[in-house]
There are 2 protein chains.
Amino acid sequence: MATTTRTTTPRERYRAQIRAEIKQHAWQQIATAGASALSLNAIAKQMGMSGPALYRYYLNRDELITELIRDAYRSLADAFRAASAASGSGTGLGALAHALRHWALADPQRYFLIYGTPVPGYHAPDDTTAIADEIMTALLDACPAAPADASVSPFEAHLAEHRTWAADHPAAPATLRRALAFWTRLHGVLSLELAGHFTGMGFDVGRLFAAELQDLLAAAGSPPGRG
Amino acid sequence: MATTTRTTTPRERYRAQIRAEIKQHAWQQIATAGASALSLNAIAKQMGMSGPALYRYYLNRDELITELIRDAYRSLADAFRAASAASGSGTGLGALAHALRHWALADPQRYFLIYGTPVPGYHAPDDTTAIADEIMTALLDACPAAPADASVSPFEAHLAEHRTWAADHPAAPATLRRALAFWTRLHGVLSLELAGHFTGMGFDVGRLFAAELQDLLAAAGSPPGRG
DNA sequence: ATGTTCCAGTTAGAAGCTATCACGGAAGCT
DNA sequence: AGCTTCCGTGATAGCTTCTAACTGGAACAT
């Protein structure tokens with residue numbers, strides 16, 4: 001019983017290291033062949049052990065992918081947090097947008113792990129939604145406060161009455177609407193870009209992204225149309 | 001060799017029917033379990049034959065999925081064409097948006113087959129890009145003509161110089177930009193909605209979609225900010 | 001009506017995957 | 001040292017895609 005208060009035993013440290021190594025190989029595989037092609041067997045071979053050994057570290061393939069999704073969320077939240085910290089509060093929307101695009105382009109398959117095609121049966125664990133809330137909070141914080149005399153559009157009124165999300169955040173309805181627009185519009189451009197739907201069209205997607213961002217920032221003074 | 005000019009032999013008709021039946025089962029499977037879970041074996045069993053029999057009709061799994069993608073594109077293009085025909089030219093953006101959302105909600109996995117996570121190795125066949133062009137043309141046709149005195153934003157100027165896409169279409173740069181915004185913004189909302197990223201947030205996604213559409217239509221008079 | 005050709009569908013089998021089980025041995029704890 | 005815990009192995013079941021060889025019957029030709 002001596003030193004039962006040890007925070008990490010050697011075995012725990014070894015386990016954590018192997019788990020991390022497994023994830024590392026998994027990321028590499030996902031980046032090159034996509035998440036659906038992830039093979040525990042192949043990972044085991046790359047690590048020099050036999051297939052069933054991995055089941056000591058992950059219950060099954062789904063648990064590994066779930067952890068990868070969790071890590072991806074965590075990584076995006078960290079990138080947002082860093083971008084927020086680097087820029088002043090209330091003026092960091094551009095910084096957030098840039099961080100998002102940089103993060104997405106760095107590893108498209110990681111982006112799709114979060115925002116890509118969902119598997120019908122799969123349900124994300126609760127803590128990922130907590131991280132998603134964190135991301136949304138960073139986004140709401142970065143939105144400039146709406147002018148007090150701004151008129152409230154019908155959709156903003158609807159949002160004001162249905163804000164179970166962001167219930168803790170003291171954001172005006174116009175801010176909620178802007179945050180949603182930021183999310184959906186930039187995701188729209190990014191997702192199509194990463195999926196290659198703009199390839200061969202000739203124009204610079206980065207400029208489209210920037211233009212959409214400019215639209216979002218320009219609307220800071222005057223809230224979106226009748227939305 | 002007699003009657004080689006016969007348009008369809010009985011055998012060809014039989015083949016076409018079986019191929020259609022296979023696709024029908026494939027769609028059903030995709031709708032319930034996603035494209036990655038599509039199993040030729042399961043389809044064969046549902047049709048009362050053994051697995052390898054399907055290889056008489058499709059070279060491999062990829063060819064079947066490719067044909068499903070082709071059909072999905074075709075279906076979306078037809079939906080667009082119908083929506084365009086039902087509304088006046090130059091005023092049908094709202095009709096197109098409604099058709100798009102209806103089409104997407106009818107079978108989310110079909111939508112993801114086109115706009116979802118891409119498989120890194122996979123390359124869509126050339127004719128799908130032809131259908132994609134058809135879709136884009138319908139979209140450009142539906143966009144109202146920009147006022148002649150409208151100023152040209154920097155991004156619109158860039159588009160004017162890089163329009164290898166839509167080279168055949170007599171659309172003004174502002175129209176190209178609007179079509180892109182229509183595509184990316186509505187896809188942004190739809191894709192997040194279908195993936196379930198709004199579930200639990202409390203508000204009505206249909207209203208968000210409508211609000212984004214209103215923004216796009218309101219900008220018909222005054223082109224998007226500095227984009 | 002009688003070949004002849006062609007083709008759909010079968011079974012068998014290779015190679016791959018996930019996942020479970022029982023075993024041997026090494027590492028850590030007392 | 002002795003005991004326990006747990007890692008990694010090989011064997012196995014069941015699934016998948018896909019190939020190969022074979023059979024039976026339909027369509028076609030004479």
Side-chain angles (χ1 to χ4, degrees), chain A residues 1-23 25-26 28-30 32-69 119-122, chain B residues 1-23 25-26 28-30 32-69 119-122:
Chain A
M1 273 296 187
T3 68
T4 48
T5 56
R6 168 84 105 272
T7 47
T8 63
T9 67
R11 277 214 162 121
E12 279 175 323
R13 262 176 294 159
Y14 180 75
R15 262 188 85 78
Q17 193 203 323
I18 297 291
R19 279 177 74 102
E21 195 173 338
I22 291 174
K23 281 200 289 189
H25 285 275
Q28 192 174 341
Q29 231 178 77
I30 284 183
T32 63
S36 63
L38 188 144
S39 158
L40 295 187
N41 238 333
I43 293 176
K45 268 178 191 163
Q46 281 179 0
M47 294 178 62
M49 37 189 204
S50 237
L54 291 201
Y55 289 82
R56 297 283 174 200
Y57 301 95
Y58 290 96
L59 240 67
N60 49 38
R61 192 172 171 274
D62 266 20
E63 205 207 46
L64 171 58
I65 292 185
T66 294
E67 185 137 330
L68 295 177
I69 292 176
V119 178
Y122 184 80
Chain B
M1 273 296 188
T3 67
T4 47
T5 54
R6 168 85 106 273
T7 46
T8 61
T9 67
R11 278 214 165 124
E12 281 174 324
R13 263 177 292 159
Y14 180 78
R15 263 187 84 79
Q17 193 205 322
I18 298 291
R19 278 176 73 101
E21 195 173 337
I22 292 172
K23 281 199 289 189
H25 285 274
Q28 192 175 341
Q29 229 177 79
I30 284 182
T32 62
S36 63
L38 187 144
S39 159
L40 295 187
N41 238 333
I43 293 176
K45 270 179 192 164
Q46 282 180 0
M47 293 178 62
M49 38 189 201
S50 237
L54 291 201
Y55 289 82
R56 297 278 174 200
Y57 301 94
Y58 290 96
L59 242 66
N60 48 38
R61 191 171 172 275
D62 266 20
E63 206 207 45
L64 172 57
I65 292 185
T66 293
E67 185 137 329
L68 295 177
I69 292 176
V119 177
Y122 183 81

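Proteins get letters first, then strands, A, B, ... in listed order; numbering begins at 1 in each.
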Are the side chains of A/Lys23 and A/Tyr58 in contact, using a 4.5 Å heavy-atom criterion?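 Yes, their side chains come closer than 4.5 Å.
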
d([atom1], [X]; [atom2], [N]) in whole Å:
| X | N | atom1 | atom2 | answer |
| --- | --- | --- | --- | --- |
| B/Glu12 | D/dA27 | CD | C1' | 13 Å |
| B/Leu54 | D/dA20 | CG | C1' | 17 Å |
| B/Arg56 | D/dC22 | CZ | C1' | 11 Å |
| B/Arg61 | D/dT19 | CZ | C1' | 18 Å |
| A/Met47 | D/dC7 | CE | C1' | 12 Å |
| A/Leu40 | C/dA19 | CG | P | 6 Å |
| B/Ile65 | D/dT17 | CD1 | C1' | 12 Å |
| A/Ile22 | D/dG8 | CD1 | C1' | 12 Å |

Are any of [X]'s side-chain N or O atoms less than 4.0 Å away from OP1 or OP2 of [N]?
| X | N | result |
| --- | --- | --- |
| B/Tyr14 | C/dG9 | yes |
| A/Tyr57 | D/dG8 | yes |
| B/Asn60 | D/dT17 | no |
| B/Asn41 | D/dT17 | yes |

If you assign each of A/Met49 and B/Ala42 to its closest nucleotide in DNA chain D, which residue comes earlier from the 5' end?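 Per heavy-atom nearest nucleotide, the more 5' residue is A/Met49.
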
Taking the minimum atom-to-atom distance to the side chain of A/Arg15, which one of D/dC7, D/dT9, D/dT16 wins?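 The answer is D/dC7.
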
Closest approach to the side chain of A/Pro52, judged atom by atom: which nucleotide of C/dC29, D/dT19, D/dT9 is it?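 Given the options C/dC29, D/dT19, D/dT9, the side chain of A/Pro52 is closest to D/dT9.
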
Determine, stepwise, if the pair A/Arg15 / A/Ile18 fulfils side-chain contact (heavy atoms from CB on, under 4.5 Å). CA-CA 5 Å; A/Arg15 262 188 85 78; A/Ile18 297 291; 6.0 Å; no

Mind listing the closest non-hydrogen atom pair of B/Leu38 and B/Ala26 along with its distance?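 So the two residues come closest at CD1-CB, 3.8 Å.
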
Atom CG of B/Leu59 and atom OG1 of B/Thr66: how far apart are they, to the nearest 0.5 Å?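 B/Leu59 CG to B/Thr66 OG1: 11.0 Å, rounded to 0.5 Å.
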
Just distance, no hydrogens or angles: give the donor-acceptor pairs under 3.5 Å from side chains in residues 39-56 of chain A, sequence neighbours left out.
{"from": "A/Ser39", "atom 1": "OG", "to": "A/Asn41", "atom 2": "N", "distance (Å)": "3.4"}
{"from": "A/Ser39", "atom 1": "OG", "to": "A/Ala42", "atom 2": "N", "distance (Å)": "3.0"}
{"from": "A/Gln46", "atom 1": "OE1", "to": "A/His25", "atom 2": "ND1", "distance (Å)": "2.7"}

With heavy atoms under 4.0 Å as the rule, sort A/Ser39 into base, sugar-phosphate or nothing.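 Sugar-phosphate: the residue A/Ser39, judged by heavy atoms under 4.0 Å, touches backbone atoms but no base.
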
Assign each of B/Arg11 and B/Ala53 to its nearest nucleotide of DNA chain C by heavy atoms, then name whichever residue's nucleotide is nearer the 5' end.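 The 5'-side residue here is B/Arg11.
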
